[in-house]
Amino acid sequence: MSTPSYLVQTSVPLLWLLIAVVGATIRTRHSPSAEAKLETWQRWWAIAALGCGSLWMTISFILIPDVMSTAIGFGQTPFEFEIAFANLCLAVLGLRAASPSASARERITIGLGAGMFLWGAVIGHLYQWFANGDHAPGNTGGVLIYDLLIPAVMIGLAVASRRREGQVDGGAAREVRVDGQPATGGLGATTGYVKA
């Protein structure tokens, strides 16, 4: 494989990161506050990088499993179907994290969940690279950066958002419970936190 061809193939996953960064940068040019800017970055990262990137992987592993296996440096196996649905799970989580009602805490949890899969994939890719000499474009390069950064940036942005929330209310938020239950319970309800 020629160097230009390898670089193009290994860089495909990075397109989703680029779309997230460019989209968030353009949308935050006139943001009214740091909080609004941070929220926009979180949504763009969740929908473009995690959501759309994972959906693209889902479709690819279902429709062209032989191409995906070759790109990774493996022969085709039944596991492409399982990888497709693991990525579909990440896509759904990304879309949820992009929701305006998603809390920083929920986004941290989604980032950690994505990290369990994607960081595990990084370990697998590195093992195949060093133990078996797998230098295929889908095993090294862009996919490693993608798999490392998606959860790390998502978690980092959500942690920053959570810290800003603590600064805004002076760190005096506390959970209100009535009879051992949150004051505002039920699916989709707001959290039961109020200023002390």
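Positions are given from 1, in the same order as the sequence printed here. Keep in mind that the numbers below use all heavy atoms, side chains included, and drop hydrogens, waters and symmetry copies.
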- request: Please assess Thr25 against Trp41 for the test side-chain contact (heavy atoms from CB on, under 4.5 Å), listing each intermediate value before the final yes or no.
  value: CA-CA 8 Å; Thr25 301; Trp41 271 91; 3.5 Å; yes
message: I'd like to know if Val153 and Ile108 are part of one continuous hydrophobic network [Ile/Leu/Val/Met/Phe/Trp/Tyr, side-chain heavy atoms within less than 4.5 Å].
response: no
query: Is a side-chain donor or acceptor of Arg27 paired with a backbone partner of Ala24 at a separation under 3.5 angstrom?
result: no
- prompt: Got a sec, which pairs hit side chain to side chain donor-acceptor pair (under 3.5 Å) with one end in residues 135-159, sequence neighbours left out?
  reply: Tyr6-Thr140, His125-Asn139, Trp129-His135
query: Any side-chain heavy atom of Pro151 sitting closer than 4.5 Å to one from Trp119?
result: yes
query: Hey, quick one: are Met116 and Leu126 part of the same hydrophobic cluster, counting side-chain heavy atoms closer than 4.5 Å, chains of contacts allowed?
result: yes
query: Of all heavy-atom pairs between Pro65 and Gln76, which one has the smallest distance, and what is that distance?
result: CG-NE2, 3.3 Å
task: State yes or no: do Ile150 and Val92 share one hydrophobic cluster built from I, L, V, M, F, W and Y residues joined by side-chain heavy-atom distances below 4.5 Å, directly or via other members?
output: no
message: Using side-chain heavy atoms (C-beta onward) and a distance below 4.5 Å, is Leu38 in contact with Thr28?
response: no
message: To the closest 0.5 Å, what do you measure between CH2 (Trp44) and OG1 (Thr40)?
response: 10.0 Å
- prompt: How long is the gap from OG on Ser161 to CD on Gln42, to the nearest 0.5 Å?
  reply: 4.5 Å
- request: Group every Ile, Leu, Val, Met, Phe, Trp and Tyr by side-chain heavy-atom contacts under 4.5 Å, then state whether Leu93 and Trp56 land in the same group.
  value: yes
- prompt: Taking the side chain from Arg162 and the backbone from Ala104, do they hold a donor-acceptor pair closer than 3.5 Å?
  reply: no
message: Once rounded to the nearest 0.5 Å, what's the spacing between atom CG of Leu55 and atom CG of Leu95?
response: 7.5 Å
task: Spell out, as yes or no, whether a donor-acceptor pair under 3.5 Å connects the side chain of Asn87 to the backbone of Ile83.
output: yes
- prompt: Just by modelled atom types, is the Pro137 backbone N or O under 3.5 Å from a matching donor or acceptor in the Thr10 side chain?
  reply: yes
- prompt: Distance from Ile62 atom CD1 to Phe85 atom CZ, nearest 0.5 Å?
  reply: 4.5 Å
query: Using 4.0 Å as the upper bound for N to carboxylate O, is an ion pair formed by Glu165 and Arg105?
result: no
task: Kindly work out whether a path of hydrophobic side-chain contacts (I/L/V/M/F/W/Y, heavy atoms less than 4.5 Å apart) joins Phe81 to Ile59.
output: yes
- prompt: Do Arg96 and Ser99 have side-chain N/O donor and acceptor atoms under 3.5 Å apart?
  reply: yes
- prompt: Does Glu106 offer a backbone N or O that forms a donor-acceptor pair with the side chain of Ser103 under 3.5 Å?
  reply: yes
- request: For Thr58 and Ala84, indicate whether the former's side chain and the latter's backbone hold a donor-acceptor pair under 3.5 Å.
  value: yes
query: Judged by atom type as modelled, is there a donor-acceptor pair below 3.5 Å linking the side chain of Trp45 to the main-chain atoms of Ala20?
result: no
message: Under a 3.5 Å distance rule, please check whether Asp134 uses its side chain to pair with a backbone N or O of Ala136 as donor and acceptor.
response: yes
statement: Output for pair (Phe117 CZ, Ser54 OG), nearest 0.5 Å, gives 8.0 Å
Gap separating the SG atom of Cys52 from the CG atom of Leu15, nearest 0.5 angstrom: 12.0 Å
